[in-house]
Number of protein chains: 2
Amino acid sequence: MTVTLADVAARARVSPATVSRVLNGNYPVAASTRERVLRAVDDLDYVLNGPASSLAAATSDLVGILVNDIADPFFGIMAGAAQTEIGGPGDGSGRAGGEKLAVVCNTGGSPERELTYLTLLQRQRAAAVVLTGGAVEDPAHQAAVSAKLAKLADAGTRVVLCGRPPLPDGEAVVAALAFDNRGGGRRLTEHLLSLGHRRIGYVAGPLERTTTRHRLEGHREAMRAAGLVGDEERLTVHGPYDRRSGYDATLELLRREPEVTAVVAANDTVALGASAAVRDRGLRIPEDISVAGFDDLPFSVDAVPALTTVRLPLFEAGARAGRLAMGKETPPPGGIATIAAELMVRGSTAPPRV
Amino acid sequence: MTVTLADVAARARVSPATVSRVLNGNYPVAASTRERVLRAVDDLDYVLNGPASSLAAATSDLVGILVNDIADPFFGIMAGAAQTEIGGPGDGSGRAGGEKLAVVCNTGGSPERELTYLTLLQRQRAAAVVLTGGAVEDPAHQAAVSAKLAKLADAGTRVVLCGRPPLPDGEAVVAALAFDNRGGGRRLTEHLLSLGHRRIGYVAGPLERTTTRHRLEGHREAMRAAGLVGDEERLTVHGPYDRRSGYDATLELLRREPEVTAVVAANDTVALGASAAVRDRGLRIPEDISVAGFDDLPFSVDAVPALTTVRLPLFEAGARAGRLAMGKETPPPGGIATIAAELMVRGSTAPPRV
DNA sequence: TCCCGGATAGAAAGCGCTTGCTACGGCTGT
DNA sequence: ACAGCCGTAGCAAGCGCTTTCTATCCGGGA
């Protein structure tokens with residue numbers, strides 16, 4: 001059989017209550033007693049029964065981090081940073097206490113899975129939940145998520161949004177850290193415009209996501225401000241946030257409008273695919289066509305030529321979200337913070353041929 | 001207060017036992033009764049209390065997936081695949097049943113964190129644990145991990161290793177899926193040798209990891225077979241599995257031996273850094289120097305020139321590990337399977353200048 | 001008509017831990 | 001010398017669910 005608290009208590013010749021208190025360190029216990037208990041724990045190789053403990057204490061040390069695609073470094077970086085802050089193991093804190101089990105859950109971008117994970121975390125009475133990445137804009141789903149989050153919140157779970165716009169109906173959450181996707185998108189296109197580009201293709205992400213929409217809106221804002229209107233639909237192709245989609249969409253774009261001098265991709269991964277397509281068509285980057293991405297993932301600087309993109313402080317944002325989830329940092333005023341995006345001009349963009 | 005089983009029972013005018021049975025679907029309940037219960041559950045928005053349920057049933061639906069670096073697609077891909085198989089939400093199974101909470105835990109490559117996560121999962125009485133990635137070769141740590149896994153195993157947790165060599169002392173695990181890192185490493189170097197390279201630099205991973213050692217051994221095997229011995233130490237530089245390390249190590253390599261005609265990197269990410277270094281030194285790939293990687297991550301085919309590398313079926317392996325963890329697939333004979341690595345020759349390698 | 005077995009439902013005993021409250025010395029203050 | 005405290009430890013009552021065992025209701029065979 002597995003060892004229980006009672007076994008430890010017996011061996012240390014104290015009551016179970018005392019063992020519990022030693023383990024939790026939240027009640028005065030004489031040093032000598034503590035010593036004895038700790039030795040017994042060691043001798044017996046005792047491991048606390050998590051479920052029992054959570055049940056009795058009505059709390060749990062689970063913290064969930066939801067991501068859309070765990071194979072995408074965009075999410076990996078945020079999740080890793082958050083997990084580090086949440087501490088899980090080895091958070092430096094001497095011993096017990098902040099020891100949380102930070103786990104990441106991969107929704108694969110599916111609204112249903114997102115909801116199911118939230119329910120599962122609710123079941124487990126998670127201490128906190130961090131949702132990363134853009135939300136799906138289906139009203140029904142948004143309502144469902146909001147409701148779920150509200151329920152989680154008033155069951156005591158701390159909810160933090162990271163890289164995700166605030167909930168429409170406000171404050172069911174501890175904090176929302178939103179990236180300035182629109183501003184970044186605008187500045188990126190302004191950069192292209194200032195180089196002299198006029199026919200700019202846009203490879204957008206999946207239609208119904210906030211991230212997609214905001215980046216695209218920023219782009220169009222800039223185009224409109226430059227007086228370039230009318231071609232929006234023709235020069236935009238939607239697709240998933242992956243390399244393949246960037247490749248295909250760019251080919252399509254080039255077919256629709258052979259005169260494009262620049263392609264803006266919804267993110268760096270897509271930009272990689274776009275670059276491949278451009279090259280496969282026998283065109284040079286940036287001499288014939290400029291290519292730009294978004295996110296500034298680590299590999300972007302190593303692309304050839306280095307990718308012009310918009311840097312999002314993913315690590316910092318993830319870490320901050322982690323801290324907020326742990327209550328180690330005070331939320332921004334109003335619970336909402338917008339995180340700036342920084343334009344990174346590199347070799348993949350240049351003035352168009354004359 | 002939160003809704004409990006008893007509340008649902010009251011509303012459905014049945015006993016708590018019946019509600020439990022409806023929810024678990026493991027006991028005959030009259031259709032009409034079931035209906036009534038389900039409606040009550042819905043009306044009250046009832047969510048099962050996970051800890052209580054786990055405590056009473058002495059089981060849990062948590063499945064842990066340990067990874068070394070969540071921001072690295074190498075792990076992301078495996079973890080994602082495993083998570084999909086484990087089902088977590090939306091595994092297609094009509095309703096309850098296989099509904100497991102698959103979570104990934106990021107050890108950051110630290111042995112202590114690995115151990116702590118295992119303990120935490122043990123606390124939670126995890127249904128299964130999947131360990132991915134190479135192990136650290138410190139004997140003390142290996143012993144500790146083995147002991148932990150043994151304990152987990154006989155507490156009923158299914159343990160699966162994925163991309164990790166079998167435990168030295170044998171069968172504490174359901175199955176071990178090991179990549180043929182040695183064979184892959186050997187074939188990669190043989191390819192270079194067959195192109196005519198003789199002075200080949202090797203940018204290795206961190207010293208004490210099995211993955212690092214096996215790949216390096218494969219490389220040296222090939223070199224030795226070609227009669228190239230003596231320069232091993234001078235032509236090998238160790239460092240972490242990241243881009244930066246590849247960059248620095250390659251610079252160092254070029255300093256030590258300006259005559260190298262090829263650089264083999266421990267993995268694709270490192271190869272990216274290596275390529276950057278080569279270019280920054282004003283050398284062309286592959287005309288002046290060939291560069292090769294390992295893993296065949298998605299971005300490798302988009303590198304310029306496309307990266308010659310060794311393909312590891314990460315997705316398939318992860319999925320299989322997930323299935324094994326769920327008991328959906330029978331383990332390979334002896335519990336050990338070696339997964340083949342396939343050489344992918346692309347543009348980054350070519351014969352050396354004459 | 002009576003009895004028995006199958007199909008359902010309920011009662012109740014925990015699962016292993018936490019925690020409010022009580023108990024018990026030995027000190028201090030008067 | 002006695003009352004009152006502080007510092008510790010134990011008692012015991014749950015936390016919300018699962019599951020064994022028992023009770024009940026029905027229909028059918030004898």
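Since we're looking at a predicted model, the values are computed, not measured. Just so you know, these numbers use all the heavy atoms, side chains as well, and skip hydrogens, waters and symmetry mates. Each chain gets a letter, A, B and so on, in the order its sequence line appears, and its residues count up from 1.
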Does a nitrogen or oxygen in the side chain of [X] sit under 4.0 Å from OP1 or OP2 of [N]?
X       : N      : answer
A/Thr18 : D/dG10 : yes
B/Ser53 : D/dT18 : yes
A/Asn49 : C/dC15 : no
A/Ser15 : D/dA9  : no
A/Thr4  : C/dG16 : no

What I want to check is whether an N or O donor and acceptor connect the side chain of A/Arg21 with the base of C/dG20 at under 3.5 Å.
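When only heavy-atom distances are counted, A/Arg21 does reach the base of C/dG20 through a donor-acceptor pair under 3.5 Å.
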Specify the residues of residues 25-44 of chain B, ordered by number, for which at least one heavy atom lies under 4.0 angstrom from an atom of DNA chain D.
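Hits under 4.0 Å, by residue number: B/Asn26.
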Please pick, from C/dT18, C/dG16, C/dG10, the nucleotide with the shortest atom-to-atom distance to any side-chain atom of B/Val14.
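Comparing C/dT18, C/dG16, C/dG10 against the side chain of B/Val14, the answer is C/dG10.
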Between B/Val173 and B/Val160, is there a side-chain heavy-atom distance shorter than 4.5 Å?
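SC-SC contact between B/Val160 and B/Val173 ruled out.
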Using modelled atom types and a 3.5 Å cut-off, is there a donor and acceptor pairing between side-chain atoms of [X] and backbone atoms of [Y]?
X        : Y        : answer
A/Arg13  : A/Ala10  : no
B/Gln83  : B/Ala102 : yes
A/Asp7   : A/Thr4   : yes
B/Thr33  : B/Val29  : no
A/Thr210 : A/Gly134 : no
A/Thr84  : A/Gly80  : yes
A/Ser54  : B/Pro51  : no

Upstream residue (5' side of DNA chain D) when A/Pro16 and B/Ala56 are each assigned their closest nucleotide:
A/Pro16
Five-pair end axes of the helix from C/dT1-D/dA30 to C/dT30-D/dA1, angle between them (10°):
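One end's axis against the other's: 50°.
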Describe the nucleic acid contact of B/Ala58 in one word from base, sugar-phosphate, nothing, applying a heavy-atom distance below 4.0 Å.
nothing
